[in-house]
Structure formats: C-alpha cells, structure tokens
Engineer: 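Quick one: the structure is below, questions incoming.
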Amino acid sequence: GFYMGSQNQIVGTGQHNNFGTPVNTNVQASYRRGIELEARWQAAGGLVLQTSASWMQSRIQALRSRYFLSDFSGDTTLTFRNVQALLSPEWIVNQSLTYHPVSWLGLGLNARYTSLQFLDNTENKAVSLPEFWFADFRATLDLRKWIPAGYPSLSLLVNNISNEKYATAGSTAAYSQVFDPAAGQAS
C-alpha cells in the first residue's frame with residue numbers, strides 16, 4: 001500500500017498553450033493512495049500465470065478553474081472539490097499466461113486493462129479516455145540449446161490480437177473552458 005500527500009502541488013490542467021506546452025496550475029492539497037499487488041503462480045505442466053495490479057485514488061482536494069460564459073456576459077470561476085487528477089486511472093491490471101510445452105519454447109498471452117481516465121481535473125466524462133482492455137500474443141524460442149554464447153532468443157510478438165481501439169493519452173483544447181449558464185454546466 002502507499003499514501004502520498006502533497007501541499008502546493010503543481011498539476012497539469014489537460015490544456016496546452018499556443019506553443020504546445022502543457023499548462024500547469026497550483027493546488028493547495030492533493031493526495032495519492034492505493035494498493036499494488038504482484039503475484040506469480042507456476043502450475044504443473046509448464047503453465048505460468050503472472051499478475052500485476054494497481055488500484056489508486058489520485059485526488060485534488062480543491063481546484064479553482066476560470067470559465068468563459070457562453071452568453072458572452074463575462075467569465076466565472078468554479079471550484080471543484082475532491083476530484084480525480086487527470087490521466088490517473090483508478091485501475092491498471094496486467095496479466096500474462098505463459099505455457100512452455102518444451103523447455104526451449106514459450107507461448108504467452110499478455111493482457112492489460114486500464115480504467116477510465118479524465119483529460120482534465122473536473123471529472124467531466126465528456127473529456128475523458130474510456131476504459132480499455134487488450135491482449136498481445138508472444139512466442140519465444142530459446143536458442144541457447146543451439147547457440148551456446150550468451151542468451152540468444154527469437155521472439156514473435158503480435159500486438160493487440162483483440163483488435164481493441166484505445167487511447168493512452170490526450171489533452172483538451174486551449175480555449176475549451178466554456179460555462180453555459182442555461183444548462184448549468186461547463187464544457
């Protein structure tokens with residue numbers, strides 16, 4: 001388990017300035033806490049299961065953000081409390097299943113799951129990356145039986161055999177912070 005509390009932390013806003021540099025802001029208090037687990041189990045018959053999992057809460061206790069009013073009457077400042085920090089998924093799970101039919105051949109399936117990630121610090125699902133899961137296949141041939149020098153091997157990797165469409169990063173537009181008084185929501 002882990003816990004890290006911060007005061008006066010500089011955090012990203014999810015926006016970029018006119019030059020493409022990420023925009024940051026200061027928050028008075030934030031924290032990260034969670035649990036990490038790593039496990040490996042070797043079953044009979046050359047089967048190995050490995051798991052690496054992480055559950056984390058990354059929270060900003062209070063964040064003030066300036067919004068332009070959609071009716072052009074000026075601007076407003078909103079305060080968001082106890083919100084998830086941008087690009088901080090609560091869950092990341094990596095699993096692999098490897099089978100060794102003979103000592104010099106390994107066949108494996110690697111899977112990864114990442115939960116929803118927000119692209120800003122407001123917990124607005126309209127500006128988020130959806131959760132995703134994908135799997136890769138790997139075949140590895142250990143060549144030490146035939147080439148005694150070093151640890152030679154030959155691998156074949158097929159990425160994303162599940163053909164999942166996913167995104168691992170993103171940002172919001174530089175001037176996307178608009179508040180609609182009629183709808184009572186920011187976009």
Side-chain angles (χ1 to χ4, degrees), residues 1-6 9-14 16 22 27 30-61 63 80 82-172:
F2 61 90
Y3 177 86
M4 178 176 58
S6 299
Q9 181 183 14
I10 297 172
V11 298
T13 65
H16 290 87
V27 295
S30 62
Y31 67 87
R32 292 179 185 265
R33 66 180 174 200
I35 298 170
E36 294 179 354
L37 168 73
E38 288 191 26
R40 182 176 194 268
W41 178 59
Q42 185 160 354
L47 195 61
V48 177
L49 176 65
Q50 289 181 282
T51 297
S52 172
S54 171
W55 171 80
M56 177 184 68
Q57 284 187 323
S58 180
R59 309 300 286 180
I60 297 172
Q61 292 182 352
L63 172 75
F80 298 91
N82 194 30
V83 291
Q84 185 173 331
L86 70 99
L87 296 177
S88 298
E90 286 191 344
W91 286 98
I92 297 175
V93 180
N94 292 294
Q95 291 190 312
S96 69
L97 181 64
T98 307
Y99 175 60
H100 294 276
V102 291
S103 64
W104 47 269
L105 177 63
L107 305 172
L109 190 62
N110 301 319
R112 179 181 180 132
Y113 169 78
T114 301
S115 63
L116 177 113
Q117 300 175 69
F118 293 103
L119 294 176
D120 66 9
N121 298 311
T122 65
E123 292 188 341
N124 182 348
K125 286 190 178 182
V127 285
S128 67
L129 298 175
E131 67 182 358
F132 64 86
W133 176 94
F134 67 88
D136 300 330
F137 171 78
R138 177 185 301 266
T140 303
L141 182 62
D142 185 345
L143 300 174
R144 287 181 290 175
K145 181 177 180 178
W146 301 280
I147 303 172
Y151 295 97
S153 65
L154 182 62
S155 293
L156 169 70
L157 177 63
V158 181
N159 287 319
N160 196 9
I161 62 170
S162 53
N163 200 28
E164 180 75 15
K165 297 195 183 328
Y166 64 94
T168 59
S171 62
T172 60

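Count residues from 1 along the sequence.
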Engineer: Quick check: do Ile60 and Phe80 have side-chain heavy atoms less than 4.5 Å from each other?
Structural biologist: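 Not in contact.
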Engineer: Does Ala43 have any side chain to side chain contact (heavy atoms under 4.5 Å, CB included) partners at least two apart in sequence or in another chain, and if so, which?
Structural biologist: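 With sequence neighbours excluded, Ala43 shows a side chain to side chain contact (heavy atoms under 4.5 Å, CB included) to Trp41, Leu47, given in chain and number order.
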Engineer: Between atom OG of Ser153 and atom CD1 of Ile147, what is the distance when rounded to the nearest 0.5 Å?
Structural biologist: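 The CD1 atom of Ile147 is 10.0 Å from OG of Ser153, to the nearest 0.5 Å.
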Engineer: In chain order, what residues pass the salt bridge (Lys or Arg N to Asp or Glu O under 4.0 Å) check against Arg144, with sequence neighbours excluded?
Structural biologist: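 Checked Arg144 against salt bridge (Lys or Arg N to Asp or Glu O under 4.0 Å); matches are Asp142.
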Engineer: Got a sec, which residues hit side chain to side chain donor-acceptor pair (under 3.5 Å) with Gln117, two or more places apart in sequence or on another chain?
Structural biologist: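 Side chain to side chain donor-acceptor pair (under 3.5 Å) check on Gln117 returns nothing, list empty.
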Engineer: Using side chain to side chain contact (heavy atoms under 4.5 Å, CB included) as the criterion, list what pairs up with Lys165, not counting sequence neighbours.
Structural biologist: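 Here no residue qualifies.
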Engineer: Would you give the length of the straight line joining atom CZ of Phe2 to atom CZ of Arg33, rounded to the nearest 0.5 angstrom?
Structural biologist: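 So the CZ of Phe2 and the CZ of Arg33 are separated by 10.5 Å.
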Engineer: Sequence neighbours excluded, which residues qualify as side chain to side chain donor-acceptor pair (under 3.5 Å) partners of Glu131?
Structural biologist: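 Glu131 satisfies side chain to side chain donor-acceptor pair (under 3.5 Å) with Tyr113 once adjacent residues are dropped.
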Engineer: Applying side chain to side chain donor-acceptor pair (under 3.5 Å), name anything that partners Ser115, two or more places apart in sequence or on another chain.
Structural biologist: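 With sequence neighbours excluded, Ser115 shows a side chain to side chain donor-acceptor pair (under 3.5 Å) to no residue whatsoever.
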Engineer: Among all residues two or more places apart in sequence or in another chain, which pass the side chain to side chain contact (heavy atoms under 4.5 Å, CB included) test with Gln61?
Structural biologist: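 Expected list: Ala29, Tyr31.
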Engineer: Can you list everything that forms a salt bridge (Lys or Arg N to Asp or Glu O under 4.0 Å) with Arg112? Sequence neighbours excluded, please.
Structural biologist: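 None.
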Engineer: Would you tabulate the side-chain donor-acceptor contacts of residues 86-106 under 3.5 Å, counting partners in other chains and residues two or more places apart, or write 'none'?
Structural biologist:
residue: Ser88; atom: OG; partner: Leu86; partner atom: O; Å: 3.2
residue: Gln95; atom: NE2; partner: Thr51; partner atom: OG1; Å: 3.2
residue: His100; atom: ND1; partner: Leu105; partner atom: O; Å: 3.2

Engineer: How many angstroms lie between atom CG of Leu37 and atom OG of Ser52, to the nearest 0.5 angstrom?
Structural biologist: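 Here the rounded value is 7.5 Å.
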Engineer: Going by salt bridge (Lys or Arg N to Asp or Glu O under 4.0 Å), name the pairs with one or both residues in residues 35-49, residues two or more places apart or in two chains.
Structural biologist: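 Sorted result for residues 35-49: empty, none.
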Engineer: Rounded to the nearest 0.5 Å, how far does CG of Asn82 lie from CG of Leu63?
Structural biologist: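 Leu63 atom CG to Asn82 atom CG measures 12.0 Å (nearest 0.5 Å).
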Engineer: Can you name the residues that form a side chain to side chain donor-acceptor pair (under 3.5 Å) with Asp136, not counting sequence neighbours?
Structural biologist: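 If we apply the side chain to side chain donor-acceptor pair (under 3.5 Å) test to Asp136, skipping adjacent residues, there are no hits.
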Engineer: Could you tell me which non-hydrogen atom of Leu107 sits nearest to which non-hydrogen atom of Ala139, and how far apart they are?
Structural biologist: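 Taking Leu107 first and Ala139 second, the nearest heavy atoms are CD2-CB, 3.8 Å.
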Engineer: What pairs of donor and acceptor atoms, side-chain ones from residues 154-164 against any protein atom, are under 3.5 angstrom apart with sequence neighbours left out?
Structural biologist:
residue: Ser155; atom: OG; partner: Thr140; partner atom: OG1; Å: 3.3
residue: Asn160; atom: OD1; partner: Ser162; partner atom: OG; Å: 3.3
residue: Asn160; atom: OD1; partner: Asn163; partner atom: N; Å: 3.3
residue: Asn160; atom: OD1; partner: Glu164; partner atom: N; Å: 3.0
residue: Asn160; atom: ND2; partner: Glu164; partner atom: O; Å: 2.8
residue: Ser162; atom: OG; partner: Ala135; partner atom: N; Å: 3.3

Engineer: Quick one, Arg59 with Gln84, criterion side chain to side chain contact (heavy atoms under 4.5 Å, CB included). Give me CA distance, side-chain angles, the key distance, then yes/no.
Structural biologist: CA-CA 5 Å; Arg59 309 300 286 180; Gln84 185 173 331; 3.4 Å; yes
